K.L.:
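Mind looking over this structure? Questions follow.
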Amino acid sequence: MTLFPTCLGFPRLGFPGLGFILLLTLSPALPTLGEATGRVFVSNEKDNTVTVIDSSTDTVEATFDVGRRPRGIGLSPDQQVLYVALGEDNAIAVVDVQSLRLLRKIPSGSDPEAFAVHPGGVLYLSNEDDRMATALDPDSGKILAQIQVGIEPEGVGVSPDGRWVMVTSESTSLVHVIAVPAHTVVANILVAPRPREIIFAADSRWAYVTSELGREVSRIDVQKLVIDKKKKLDIPKAKPKGILLSQDEKTLFISLGRANQVAVLDALTLEVKKVIPVGKRVWGLALTRDGDRIYTCNGVDNTVSIIDTKRLEVLKTLDVGTAPWGVVIDD
Amino acid sequence: MRPLHPALLLAAFLASHAAADPLHLLFVGDDGGSAWRGVQLGVAEANILGEFTGQTWTVEALAESTSQQDSNTARATLAVFTDHRDSNLRRLADHFEGIPVLNLVDNQDDLRTGCLPNLLHMIPSHRMKEAAVVQWLGQHPGKPSLHLRALAWHSDFVKFAARDLNKRYRKAHGEAMTAEAWSGWVAVKLVIEAVTRSNASSPQALLATLHDGFEIDGQKGVPLSLRPTGQLRQPLLLVDGDQLLGEAPVRGAADVEDLDSLGLLSCSTAENFR
């Protein structure tokens, strides 16, 4: 078995090698690890496919049919399978990352759009029509819980320590904080209009939320469950959507939708340092494990831009399927 | 596994929020009309937000504002929504002086230029609608259809979460969401968001907040706020017959986010109302 110090069945974090050895000793029930494929998977909302990019060459390797209206995309904790939310099939597709074979489709409730994968393997997804967040066990296909949230649930984030799931409701502009495994809503935080996505810092101490119409980014103190800091992005036409922390967590990258740029912010002060022009209607973002590159989904150009995070510029642009929405990297 | 009973959550939030009393709104006009149905959806959604923030909203519908009801109603209400027009509308605004009165259906330009400080207009003015059509024709030359017009809303509009709003309205009322229904819905949203976010607890404070550039998401893709005339600045939809063609400000004719490129009027009186 090839050892990848960071592939531990936990969300993508940079654990040091010693930590890995300790965990291996203390946790005999770790899932089986295989070698990561280095593949970048992109969901194409309007042609029902997934594009596969080989990150070692940054070329398109394959495209496969996945189901109707694919949007949210993610990997299982052991990175053996890819999950894709199929809005018009009301299901989550499960695809083998090595063979690219569609293994099964798990019924998920109405119109799944976005989801996050808990370190324990459960999928948390938002059901737009029902005002629900659903906890779905992908192995049994059982719905473990349905939690009532606000109007138009969308973004889902899971804390790396597995204690919290946060769900945005776009029309009521709330971040709903759900305790795991109790599945109770413990806080509802009002943010600027139309919150879209949430990410957590590696230590689970902070969460960051983008507000598309409010044109803001907010940082949430996860201990106190309040907004710690918020800032309006003073960039014309900015429609903040996707959000990432750099590997050293000093920088935030935010996709700006129809502003056709990725904003680069100081993660502490939330000040904009730079904007990087990419393709049209940029939404989904993913960071390589080494932190060196970001792949962006340009939904109107049908391309993916590859950004060098040191030079803060686009290295390459690739043609993918129609209306690329989300992206995840198996590395 | 069920979540905590909503009553427990509500109790927790009421404990942490100063205002636990219901917040009152008033509709004056036709309770068979689509503007009222839009208001009703707005209030239902305000109460969904209220489940999480510890607020309760009520709305009363009156055909007229009679002198007997007036003093009690006026004392209690934070804002008035109405599908009255012309002189009835002006009378209502006079009567509820200091309280926001939101015009849901009357397009007349002179209501805007009159700049009554408490009269706010959700529906677009004639001038705005004309400007939208002119922008459209400027970029789409050829023989214009006799049925080309600009509307605040259309039930086929799907961008910017419009699809979701259209679905919610149809689910609530079993019919397509009209421009007047959207006007009623957005009026409520404007009021309740301003109260919730700015903690405005009086109609006067609410009015000041609204006139100070307060922005909301009207599910048309660009933040909406009031112009100095009290008109809600907003994108408009170009429609031919019943077919949705596109949006204004029209790309190529104007910056799509330059909402004041659509028929901006100014106050015709010299007096400063602010």
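Quick caveat: nothing in here was measured; it's all calculated off a predicted structure. Here is the naming used below: chain letters follow the sequence lines, and residue numbers restart at 1 for every chain.
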K.L.:
How about A/S140 and A/D137: does a side-chain donor come under 3.5 Å of a side-chain acceptor?
P.N.:
yes
K.L.:
Can we say A/R131 and A/E152 salt-bridge, meaning some charged N sits less than 4.0 Å from an Asp/Glu carboxylate O?
P.N.:
no
K.L.:
If you check every heavy atom in residues 164-176 of chain A against those of chain B, which residues fall under 4.5 Å?
P.N.:
A/S171, A/T172, A/S173, A/L174, A/H176
K.L.:
Any side-chain heavy atom of B/E247 sitting closer than 4.5 Å to one from B/F157?
P.N.:
yes
K.L.:
If you count heavy-atom pairs under 4.5 Å between each of B/E193, B/K167, B/Q219 and chain A, which one has the most?
P.N.:
B/Q219
K.L.:
Report, by ascending residue number, the residues of residues 39-48 of chain B in heavy-atom contact with chain A at a distance under 4.5 Å; give 'none' if the set is empty.
P.N.:
B/E45, B/I48
K.L.:
Is there a side-chain hydrogen bond (donor to acceptor under 3.5 Å, both in side chains) between A/E197 and A/Y208 once you walk through the steps?
P.N.:
CA-CA 8 Å; A/E197 294 197 10; A/Y208 296 83; over 6 Å; no
K.L.:
Parallel under 30°, tilted from 30 to 60°, perpendicular over 60°: which one fits the rings of A/F115 and A/Y83?
P.N.:
perpendicular
K.L.:
For A/E212, which atoms come within 4.5 Å of any heavy atom of chain B: side chain, backbone, both, or neither?
P.N.:
neither
K.L.:
Side chains of B/M122 and B/V105: closer than 4.5 Å at any heavy-atom pair?
P.N.:
no
K.L.:
According to the interplanar angle, ranging from 0 to 90°, do the rings of A/W283 and A/W325 count as parallel (below 30°), tilted (30 to 60°) or perpendicular (above 60°)?
P.N.:
perpendicular
K.L.:
Do the ring planes of B/W136 and B/H140 sit parallel (below 30°), tilted (30 to 60°) or perpendicular (above 60°)?
P.N.:
parallel
K.L.:
Using a distance-only test with no angle check, is there a side-chain donor-acceptor pair under 3.5 angstrom linking A/T49 and A/N44?
P.N.:
yes
K.L.:
Nearest 0.5 Å please: distance from the CD1 atom of A/I143 over to the CG atom of A/L123.
P.N.:
11.5 Å
